[in-house]
Number of protein chains: 2
Amino acid sequence: MAVTGVAEKPATKGTYPKGVARRKQIVRAAARIFAQYGYHAGSLRNIADDVGVTSAALIRHFQDKEGLLTAVLEYWDEESQVASSTAPGLDHIRQLPAMMEYHLTHRGLIELFLTLATEASNPEHPARDFIVKRYDSTVASLSSRIREAIDAGEVFLPAEQVESEARGLMALMDGIELQWLLQPELDLVALFSSHLDHTLARWTGEVQPLSNSTEAFVVQGIA
Amino acid sequence: MAVTGVAEKPATKGTYPKGVARRKQIVRAAARIFAQYGYHAGSLRNIADDVGVTSAALIRHFQDKEGLLTAVLEYWDEESQVASSTAPGLDHIRQLPAMMEYHLTHRGLIELFLTLATEASNPEHPARDFIVKRYDSTVASLSSRIREAIDAGEVFLPAEQVESEARGLMALMDGIELQWLLQPELDLVALFSSHLDHTLARWTGEVQPLSNSTEAFVVQGIA
DNA sequence: GTCTATATTTAGATAGAC
DNA sequence: GTCTATCTAAATATAGAC
């Protein structure tokens with residue numbers, strides 16, 4: 001019922017070069033349609049027309065609509081991992097704007113995630129599990145990077161505040177990307193970078209960029 | 001085509017007490033369904049069943065589905081204004097967590113807005129205009145409150161940074177509310193309050209980039 | 001003002017030809 | 001592996017009875 005883990009691809013089918021290529025073509029089209037209309041309102045016929053086949057072909061490949069959704073989520077997972085850095089500690093955080101820059105040129109990635117995420121606020125939604133797990137793992141990853149920075153002495157934050165900071169960063173990114181979807185003329189990278197700078201200044205205990213002043217003013221233990 | 005302004009209610013019809021009550025009942029049900037499934041995937045039959053009438057009755061009242069959407073957006077507008085404070089300057093900002101607290105007990109308001117907002121990232125969406133205008137007016141309102149605080153000497157920010165701060169706050173709220181929809185066990189008010197405190201501390205502190213102020217790096221107002 | 005009945009379109013999915 | 005043809009269910013919307 002719910003789409004959670006990795007779908008088992010048919011052992012024989014789907015491994016022939018031609019089939020694989022077609023499969024990918026369908027998944028890409030489906031990602032586009034689901035991003036634009038959502039899962040429920042995005043129709044198989046619409047996707048099929050985009051590819052240039054019939055909806056029956058889609059069913060052959062993915063069994064049903066939910067099977068296609070699973071494949072789309074896997075595809076999104078891979079594609080969006082391209083954008084995220086593997087750097088440790090604070091370097092990872094500092095590269096978040098670059099990730100957003102990448103999103104800017106791959107609008108579909110943002111659109112798909114936000115569309116499915118809000119749609120999945122309905123507990124019955126087949127992508128619900130995937131989305132919730134994705135959030136959890138992103139929070140966990142960001143938290144780990146922050147803790148690395150704390151251990152390295154670059155950041156000063158009480159341990160119990162780390163997750164809240166991670167969630168705040170994610171919320172900020174999601175919210176800015178939502179605004180950008182509605183008003184593409186917005187400079188989302190500049191907006192995020194500016195707020196990230198303030199956040200990093202607070203974490204590192206520095207004041208603001210201008211005054212690189214003498215006394216280290218450590219703001220920690222704020223709860 | 002696009003839903004923007006105020007719909008003209010029939011002068012005679014819809015003004016009789018019974019009709020008005022029924023109308024409101026339908027709008028509330030529609031808001032619930034649209035919030036849960038989105039506009040496209042939310043069906044008239046589903047709404048009608050909720051009310052206990054047939055879909056034909058809905059069409060009688062609102063002419064078509066888009067007419068119903070217009071009524072729902074108007075309803076949402078009124079309902080969500082209940083939650084927002086009329087206080088000026090920094091007091092308004094400080095009452096934002098209370099607004100979120102209100103949202104907490106009116107989940108449908110959040111769900112409806114976020115669902116329609118992401119759905120409306122499709123430029124063809126009938127609620128697109130409404131949503132974009134809503135964002136603009138909220139940014140404008142928040143910016144005004146911040147400028148009032150600057151004029152009152154409570155906040156120190158360069159004028160050109162005000163809108164960015166307003167957008168950042170909105171993004172943070174939207175993002176947190178999205179996370180809450182997916183994980184209702186999250187304490188969204190605490191999460192937001194904590195980040196708002198940090199933001200206010202930064203605003204009311206006197207050190208900012210491009211600021212011509214003195215050396216003081218006052219971190220105050222951390223609750 | 002709401003109903004039943006129905007028209008029309010489109011949805012997801014299946015069967016079997018090629 | 002893809003097609004055509006078709007099924008069933010559900011969508012929006014209309015017409016006319018009560």
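Numbered from 1 within each chain, the chains take letters A, B, ... in sequence-line order.
Legend: residues meeting ring-ring contact (aromatic ring centres under 6.0 Å, His included) with B/H40, ordered by chain and number and at least two apart, are B/H125. Evaluation of the side chain to side chain contact (heavy atoms under 4.5 Å, CB included) rule for B/R107 yields A/S121, B/E111, B/W180, B/L181, B/P184 as partners, not counting sequence neighbours. Listed by chain and number, the residues in a side chain to side chain contact (heavy atoms under 4.5 Å, CB included) with A/T54 are A/A56, A/A57 (sequence neighbours excluded). The side chain to side chain contact (heavy atoms under 4.5 Å, CB included) search around B/T138 returns B/R134, B/M170, not counting sequence neighbours. Applying the side chain to side chain contact (heavy atoms under 4.5 Å, CB included) test to B/E101 and every residue at least two apart in sequence or in another chain returns B/L104, B/V189. Among residues two or more places apart in sequence or in another chain, the ring-ring contact (aromatic ring centres under 6.0 Å, His included) test is passed with A/Y135 by A/F113.
Residues in residues 79-88 of chain A take part in these side-chain hydrogen bond (donor to acceptor under 3.5 Å, both in side chains) pairs, two or more places apart or across chains: A/S85-A/H92, A/S85-A/Q95.
Between A/H61 atom NE2 and C/dG12 atom P the separation is 17 Å, expressed in whole Å. Summarising the geometry, the separation between CZ on B/F62 and C1' on D/dA13 is reported as 16 Å, rounded to the nearest angstrom. The CZ atom of B/R23 sits 11 Å away from the P atom of C/dG1 (whole-angstrom rounding). Atom CZ in A/R60 sits about 11 Å away from atom C1' in C/dA13, given to the nearest Å. If you measure from atom CG of A/D64 to atom P of D/dA9, you get 18 Å, rounded to the nearest angstrom. Here D/dA11 presents its C1' atom at 16 Å from CD of B/E66, a figure rounded to the nearest Å. One atom, CG of A/L68, and another, P of C/dA13, lie 10 Å apart when rounded to the nearest Å. Atom CD1 in B/I59 sits roughly 16 Å away from atom P in C/dT4 (whole-Å rounding).
Contact between the side-chain N/O atoms of A/T54 and the OP1/OP2 oxygens of D/dC3 is found at a separation under 4.0 Å. Close to C/dT2, at under 4.0 Å from its OP1 or OP2, lies a side-chain N or O of B/R22.
Among the atoms of the strands shown, base atoms are found under 4.0 Å from some heavy atom of B/A56.
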Between the protein and nucleotides 9-11 of chain C, list every N/O to N/O distance that falls short of 3.5 Å.
residue, atom, partner, partner atom, Å
C/dA11, OP1, A/S43, OG, 3.0

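Of the residues in residues 26-35 of chain B, none lies under 4.0 Å from DNA chain C by heavy-atom distance.
Distances from the side chain of A/V53 to the nucleotides D/dT2, C/dT14, C/dC3 place D/dT2 closest.
A parallel orientation is assigned to the rings of B/Y102 and B/H106, their planes being inclined by less than 30° (bins at 30° and 60°).
Other residues, nucleotides and ligands place no more than 12 heavy atoms under 6.0 Å from the CD atom of A/Q63.
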